[in-house]
2 protein chains.
Amino acid sequence: MIIVENKTIKIRNKHITHKRLISAVGSLLAKKGFKGLGVNAIAREAGVDKVLIYRYFDGLPGLISAYGKEGNFWPSALELAGGDLHQFVECSLSEKLSALGHNFIKALKKRPVTCEIMIWEMSERNELTAELEAIREDSMMEFFQMFLLTKNNEQDLQAVVSLIGAAISYLVLRSRNIDLYGGLDLSSDHGWQRLENAIKVIIHGVVGENE
Amino acid sequence: MIIVENKTIKIRNKHITHKRLISAVGSLLAKKGFKGLGVNAIAREAGVDKVLIYRYFDGLPGLISAYGKEGNFWPSALELAGGDLHQFVECSLSEKLSALGHNFIKALKKRPVTCEIMIWEMSERNELTAELEAIREDSMMEFFQMFLLTKNNEQDLQAVVSLIGAAISYLVLRSRNIDLYGGLDLSSDHGWQRLENAIKVIIHGVVGENE
DNA sequence: CCCTTATATCACCGAGCGGTGACAAAATCA
DNA sequence: TGATTTTGTCACCGCTCGGTGATATAAGGG
């Protein structure tokens with residue numbers, strides 16, 4: 001947008017418009033959630049005419065799918081491991097798992113858009129949720145295979161870890177709107193500390209202290 | 001509604017209309033979820049004019065709140081205990097907890113409307129979700145106090161049980177739309193069996209076999 | 001029986017939605 | 001330069017939404 005002699009001249013550039021629309025999806029998701037994520041709202045947010053959504057992306061599903069492919073919604077293995085892979089692989093199994101729980105909580109809490117999408121996933125299926133589901137499932141399984149399933153445990157360690165991950169997911173998602181769960185105050189650090197301690201207790205109970 | 005000589009005569013009865021509207025909320029929740037649960041849709045479903053929602057319930061929030069007060073959304077302590085309280089109290093703590101997990105899974109799976117509302121809770125707060133949150137939290141805490149917290153454990157048993165409950169909630173809600181989680185196939189009995197076994201392993205690890 | 005009142009219907013409003021065709025203007029190329 | 005293509009705007013459609021005032025009609029009391 002250039003202004004010359006009281007006249008506004010809009011620069012026309014397909015790539016920029018593309019990016020504007022895609023990033024408008026993200027900021028709208030962060031601001032309003034998945035409800036009300038429609039062509040009108042997105043076009044308004046991008047400062048662009050909604051017909052371009054149809055021209056460039058063949059409609060809302062195409063745009064949303066494009067957004068899904070660009071995003072960084074899920075923590076990397078590095079982030080889940082705490083930032084230092086070499087140090088991580090040196091840990092005992094129980095230390096690894098405790099760290100994993102701790103880092104997963106942190107990673108989810110700092111990704112409000114990811115949380116929004118996870119809730120969206122549960123309430124309906126669409127292009128974006130299907131896309132991100134696949135990414136997440138791959139990422140989880142990769143992490144399992146890299147760090148946790150090197151030895152054949154007699155216990156179904158994968159199921160136990162999945163269960164802890166599910167619990168963390170539910171509690172982080174829920175804590176955005178509701179403070180209390182089963183007597184745990186999820187609006188306070190103390191509540192989350194109790195939870196992390198419970199995770200440690202569970203892990204030690206399942207894999208032993210030193211393994 | 002009576003039909004006489006090709007003329008339809010509608011019987012007018014406040015109580016019946018009340019009930020029609022309230023039950024329309026339930027059937028609409030079951031059919032379409034919380035999206036699209038509006039005055040127009042509810043009135044259509046009830047076969048009644050929407051203005052009556054305003055007249056009798058002061059609008060949609062009032063109607064939804066009335067629905068929340070009438071429903072049976074949450075399993076009773078009896079259901080969570082497996083149907084026989086006397087037998088339940090005789091069990092060891094670990095048996096109690098395993099049964100609790102098993103029964104909670106069953107109870108949630110058979111309550112699609114409750115699942116719908118739980119997802120709704122996570123995506124926004126309103127009269128109904130606030131109402132049902134309170135009911136649920138009370139019910140959970142009552143169950144804790146009745147059966148699980150009789151002795152002072154050194155472990156934070158409440159946190160562990162809450163965590164397992166959170167995991168079950170997430171996985172049941174999620175399994176309505178998505179089959180796979182962390183390698184567990186939640187569309188199959190086998191996947192759920194792995195999960196229940198994992199719960200048993202966790203419980204035994206935390207409270208011991210015989211306690 | 002008629003008259004009142006409770007009950008329910010109807011018609012309509014402004015707003016927002018997804019979607020589209022006609023048009024304007026900048027960019028590109030001959 | 002002038003013609004063509006690309007890029008973007010605008011006006012409009014039909015629909016559903018939440019919400020309301022005027023109106024019809026069944027129920028019930030005198």
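Numbers restart at 1 for each chain; the letters A, B, ... are given by sequence-line order, proteins then strands.
- Rounding to the nearest 0.5 angstrom, the gap separating the CG atom in N177(B) from the CZ atom in R125(A) is 6.5 Å.
- If you measure from atom CG of N40(A) to atom P of dC15(D), you get 17 Å, rounded to the nearest angstrom.
- The aromatic rings of F34(B) and W120(B) lie parallel to each other, their planes meeting at an angle below 30°, with 60° marking the opposite boundary.
- Judged by atom type and distance alone, R55(B) does not reach the base of dT7(C) through any side-chain donor-acceptor pair under 3.5 Å.
- Using a 4.0 Å cut-off between charged side-chain N and carboxylate O, E133(B) and R174(A) make no salt bridge.
- When the P atom of dT20(D) is taken as reference, atom CG of L52(B) falls 14 Å away, rounded to whole Å.
- Atom C1' of nucleotide dC17(C) and atom CG of L60(A) are separated by 12 Å, given to the nearest angstrom.
- Taking atom NZ on K32(A) and atom P on dC17(C), their separation rounds to 11 Å, with Å as the unit.
- Nucleotide dT9(C) holds its P atom 15 Å from the CZ atom of R44(B), rounded to whole Å.
- Counting only heavy atoms from C-beta on, V51(B) has its side chain closest to dT9(C) among dA27(D), dT9(C), dG19(D).
- When the side-chain nitrogen and oxygen atoms of T17(B) are compared with OP1 and OP2 of dT7(C), none of them lie within a distance under 4.0 Å.
- Along DNA chain C, the nucleotide closest to K50(B) and the one closest to R12(B) are compared, and the more 5′ of them pairs with R12(B).
- Taking atom CD1 of I53(A) as the reference point, atom C1' of dT20(C) lies 14 Å away to the nearest angstrom.
- Atom CG of D49(A) is separated from atom P of dT20(C) by 13 Å (rounded to the nearest Å).
- The existence of a salt bridge linking R20(A) and E45(A) is excluded, since no basic side-chain nitrogen approaches an acidic carboxylate oxygen closer than 4.0 Å.
- K14(B) places its NZ atom 5 Å from the P atom of dT7(C), with the value rounded to the nearest Å.
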